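First listed ligand is number 1; within each ligand, the first listed atom is number 1. Just so it is clear, the model here is predicted, and its values are computed rather than measured.
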Amino acid sequence: MANRLDGKTAVVFGVASDTSIAWAIAQELAAQGAKIILGYQFRYHSRVKDLAPTLPNLVAYTRCDIMKDDEAQAFFGGLKTPIDIVVHAIAFAPATAFQGRLVDTTQDDFSLALQVSAHSLTKIMKHSAPLMTNGGSAIALTYLGGQRVCTNYKLMGVAKAALEAYVRELAMDLGPQKIRVNAISAGPIKTLAASGISDFDLMLDYNKSVAPLRDNVTQQDVAKCAAFLGSDDAKMITGQTIFVDAGYSIVGVPPLA
Ligand code: NAD
């Protein structure tokens, strides 16, 4: 039987370790037939060089710090058309942004967090769109903190709100080229990025106790949704933020006794 993503090529940003959501997505897209190109930050080279060759349909893994224009030019300049799927699983805010009160956020921390975590999607799409000659699907990773206050998420909540707005605006901008742009809002998952959030283990316990499905999501749960969004089965879905969070985001008042 044909695989859902046979014949498609996916560019995946955000693999830093085997716990990365991007790694689960790359594995799932590959399992469903897509060829995979990884763009990664060189600081994670020692891990990526071991992980990447285990992907069945790997085309290349190439360094690409999205804040470095020379790396981005070299990365995209080396790609062949068409690209069909682009995965943005990139976020960063300096540690200082999580200390103290939000009201003390510096302009530098704001600028860096927003550039890496939100504007990078637009940078990536500027490079990718001309290569998506058959149209395609871009998928960004976001979190509930972009829509509601989630304790300790602070400046990253602001960055995710910007990212989700970019998803909608880019969906409108790129729609005429049949490029769809969506976000997956994942429930909390223990990864390197999550280790920067205080009380993360308590958050996992709380989410599990409150979510309608009484469970936490895994990287694989998110990856399955990404594979759907990347496929032609989702060809009329764009501009959306889709929650993969065991239903946590719908809860107003959880069971109190
Ligand atoms: P992770 O640490 O494995 O991945 C974060 C990635 O961002 C890393 O691969 C890192 O190299 C990349 N990155 C940071 N700055 C970059 C830059 N300048 N250029 C290129 N890449 C850069 O953690 P993760 O949890 O898998 O995070 C992936 C995405 O999922 C992030 O957008 C994160 O906010 C989002 N997300 C995570 C959770 C969670 O609970 N873990 C929940 C919802 C959304």
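Classified by interplanar angle (parallel below 30°, tilted 30° to 60°, perpendicular above 60°), the ring pair His127/Phe76 is parallel.
Environment of NZ in Lys208: sparse, with no more than 12 heavy atoms of neighbouring residues, nucleotides or ligands closer than 6.0 Å.
Among all non-hydrogen protein atoms, the one lying nearest atom 41 (N) of ligand 1 is Ile189 O, 2.9 Å. Looking from atom 13 (N) of ligand 1 to the surrounding protein, the closest heavy atom is Gln41 OE1, 3.4 Å. Shortest contact from atom 19 (N) of ligand 1 to any protein heavy atom: Ile66 N, 2.9 Å. Nearest protein neighbour of atom 32 (O) of ligand 1, counting heavy atoms only, is Lys160 NZ, 2.9 Å.
For ligand 1, the atoms sitting less than 4.0 Å from at least one non-hydrogen atom of Thr142 are 43 (C), 44 (C), numbered in the order shown with element in parentheses. Counting atoms of ligand 1 from 1 in the listed order, those under 4.0 Å from a heavy atom of Pro188 are 40 (O). Contact atoms of ligand 1 toward Gly187: 40 (O), 42 (C) (distance under 4.0 Å to a heavy atom of the residue).
Between the side chains of Gln147 and Glu164, at least one donor-acceptor pair of N or O atoms lies under 3.5 Å. No hydrogens or angles considered: nothing links the side chains of Asn182 and Gln240 as a donor-acceptor pair under 3.5 Å. Between the side chains of Asp109 and Thr105, not a single donor N or O lies within less than 3.5 Å of an accepting N or O.
With a 4.0 Å cut-off on non-hydrogen atoms, Leu141 touches ligand 1 through its backbone as well as its side chain. Under 4.0 angstrom from ligand 1, the non-hydrogen atoms of Val116 all belong to its side chain. Of all the heavy atoms of Phe42, none lies under 4.0 Å from any atom of ligand 1, so neither backbone nor side chain is involved. At a heavy-atom cutoff of 4.0 Å, ligand 1 is contacted by no atom of Thr19, backbone or side chain. The part of Tyr44 lying near ligand 1 is the side chain, judged by heavy-atom distances below 4.0 Å. Under 4.0 angstrom from ligand 1, there are no non-hydrogen atoms of His88. Here Ser117 has no heavy atoms under 4.0 Å from ligand 1, in either its backbone or its side chain.
For Phe200, the heavy-atom gap to ligand 1 drops under 4.0 angstrom. Residue Gly39 places no heavy atom under 4.0 Å from ligand 1.
If you take CE on Met125 and OH on Tyr166, they are separated by 12.5 Å, rounding to the nearest 0.5 Å.
With Tyr61 as the fixed residue, the side chain to side chain contact (heavy atoms under 4.5 Å, CB included) test singles out one of Val48, Ile36, Val15: Val48. Only one option out of Asp173, Leu174, Thr238 pairs with Ile179 in a side chain to side chain contact (heavy atoms under 4.5 Å, CB included); it is Leu174. Under the side chain to side chain contact (heavy atoms under 4.5 Å, CB included) test applied with Ile83, the options Asn134, Thr133, Leu131 reduce to a single match, Leu131.
Residue Ala89 holds the heavy atom nearest to atom 6 (C) of ligand 1 of all those in Ala89, Ala193, Ala159, Ala72.
A donor-acceptor pair under 3.5 Å is absent between the side-chain atoms of Ser117 and the main chain of Leu114, judged by distance alone.
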